[in-house]
**Q** 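Below is the structure I would like to discuss, written out as structure tokens.
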Amino acid sequence: MNAAQIERFFATLKAANPAPQTELEFSSVFELLTAVLLSAQATDVGVNKATKRLFAVANTPAQILALGTEGLESHIKTIGLYRSKARHLLQTCRILIDRHGGEVPRSREALEALPGVGRKTANVVLNVAFGEPTMAVDTHIFRVGNRTGLAPGKTPLAVELGLLKRVPAAYLVDAHHWLILHGRYVCQARKPLCSACAVADECDHGRQLKSAAA
DNA sequence: ATCCCGAGGG
DNA sequence: CCCTCTGGAT
């Protein structure tokens, strides 16, 4: 994809959705961190069901610690990887209280030091909670970056760096959400909806389909 | 490279 | 049945 195509790609997504947001439900930075930590290899629909139950009972580090392992697991058992997520979340709550005054830290370094929080989760928190122009490369963005030719790469980090370099500055903060929503609802893993795609002309894969049909 | 791991869709 | 879902730790 060349620069003009990239510009049209994001201008089109922006026109359709001027203020994109995460579909995870939260009402505080700590709830956001918790939801994102739980979202690994899970759908946001599934995470929202679990956090609705969990936050009704506990939505602060101290309250979640008080649940204990069994109590916490009972609320998130419907999500995949729930045992490791429960363990990591409890460890993270302990660290938030002991080292960060019960608050979610704002630096990448401190975020990534939390158990269960890697580069992708830190990028989401930095973007959604603190408005930073980060690129959290999840399964959707990895696929869209490669399939469209927007930012090809063999690893999530390679795609992230490619996006940070190639996405025009004016689109950078919201690009994360446009790419996720595009991947979730249009540029799907199994059967991408290319015939209904608004940016097929700006996409390597979309143009390939056209030339094959012609 | 491998493990973790439930729900939903095809 | 198989694949996918806002990954991270070992």
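Here is the naming used below: chain letters follow the sequence lines, and residue numbers restart at 1 for every chain.
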**Q** Does His140(A) put a side-chain nitrogen or oxygen below 4.0 Å from OP1 or OP2 of dC5(C)?
**A**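 Checking dC5(C) against His140(A), a side-chain N or O does come within under 4.0 Å of OP1 or OP2.
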**Q** 5'-most contact on DNA chain B: Lys191(A) or Arg83(A), nearest heavy atom basis?
**A**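 The residue whose closest nucleotide sits nearer the 5' end is Arg83(A).
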**Q** On DNA chain C, does the nearest nucleotide to Ala42(A) precede the nearest nucleotide to Glu112(A) from the 5' side, or the other way round? Give the residue.
**A**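 Upstream on the strand: Ala42(A).
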**Q** With a 4.0 Å limit, can you tell me whether Gln41(A) has a side-chain N or O closer than that to the phosphate oxygens OP1/OP2 of dG7(C)?
**A**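 So the side chain of Gln41(A) is within the cut-off, an N or O lying under 4.0 Å from OP1 or OP2 of dG7(C).
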**Q** Strictly by modelled atom types, are Arg53(A) and Ser74(A) linked by a side-chain donor-acceptor pair under 3.5 Å?
**A**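 Short answer, no.
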**Q** Going by heavy atoms in the side chains, are Phe10(A) and Asp174(A) under 4.5 Å from each other?
**A**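 SC-SC contact between Phe10(A) and Asp174(A) ruled out.
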**Q** With sugar-phosphate meaning primed atoms plus P, OP1 and OP2, does Arg87(A) contact a base, only sugar-phosphate, or nothing at under 4.0 Å between heavy atoms?
**A**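 Answer is nothing: Arg87(A) stays at 4.0 Å or more from every strand.
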**Q** Contact class for Pro115(A) vs. all strands (heavy atom < 4.0 Å): base, sugar-phosphate, or nothing?
**A**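 Result for Pro115(A) = sugar-phosphate.
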**Q** Would you indicate what Glu23(A) reaches in the nucleic acid, counting non-hydrogen atoms under 4.0 angstrom: base, sugar-phosphate, or nothing?
**A**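 Base contact - Glu23(A) has a heavy atom under 4.0 Å of at least one base atom.
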**Q** Do the side-chain N or O atoms of Thr139(A) get closer than 4.0 angstrom to the phosphate oxygens (OP1, OP2) of dG7(C)?
**A**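 No, because none of the side-chain N or O atoms of Thr139(A) sits under 4.0 Å from OP1 or OP2 of dG7(C).
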**Q** Which residue in the set Glu132(A), Arg108(A), His176(A), Glu112(A) passes side chain to side chain donor-acceptor pair (under 3.5 Å) when paired with Asn123(A)?
**A**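 Exactly one candidate clears the test, Arg108(A).
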**Q** So, does Arg143(A) get its side chain near the phosphate of dC5(C), meaning an N or O under 4.0 Å from OP1 or OP2?
**A**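 It does, given that an N or O in the side chain of Arg143(A) lies less than 4.0 Å from OP1 or OP2 of dC5(C).
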**Q** Within the structure shown, what part of the strands sits under 4.0 Å from Lys85(A) by heavy-atom distance: base, sugar-phosphate, or nothing?
**A**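 The residue Lys85(A) makes no contact with any strand.
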**Q** Taking side chain as C-beta onward, heavy atoms only, is Val167(A) less than 4.5 Å from Met135(A)?
**A**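 Contact flag for Val167(A)/Met135(A) side chains = yes.
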**Q** Relative to the 5' end of DNA chain B, which residue comes earlier, Arg190(A) or Lys77(A), by the nucleotide with the nearest heavy atom?
**A**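 Nearest nucleotide further toward 5': that of Lys77(A).
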**Q** Parallel, tilted or perpendicular: which one describes the rings of Phe9(A) and His182(A), with boundaries at 30° and 60°?
**A**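 Because their plane-to-plane angle is over 60°, the rings of Phe9(A) and His182(A) count as perpendicular.
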**Q** Regarding Ile79(A), tell me which of base, sugar-phosphate or nothing describes its non-hydrogen contacts under 4.0 Å with the strands shown.
**A**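 Since only primed, P, OP1 and OP2 atoms lie under 4.0 Å of Ile79(A), the category is sugar-phosphate.
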**Q** Can you say whether a donor on the side chain of Thr22(A) sits under 3.5 Å from an acceptor on the base of dT6(C), or the other way round?
**A**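 It does, because a donor-acceptor pair links the side chain of Thr22(A) to the base of dT6(C) below 3.5 Å.
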**Q** When all nucleic acid strands are considered with a 4.0 Å heavy-atom cut-off, which category describes Gly118(A): base, sugar-phosphate, or nothing?
**A**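 It contacts sugar-phosphate atoms only.
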**Q** Base, sugar-phosphate alone, or nothing: which one does Leu38(A) contact when heavy atoms must sit under 4.0 Å apart?
**A**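 Answer is nothing: Leu38(A) stays at 4.0 Å or more from every strand.
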**Q** For a quick check of understanding: with a heavy-atom distance under 4.0 Å over all strands, which category does His176(A) fall into, base, sugar-phosphate or nothing?
**A**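 The answer is base, as His176(A) lies within the cut-off (heavy atoms under 4.0 Å) of a base atom.
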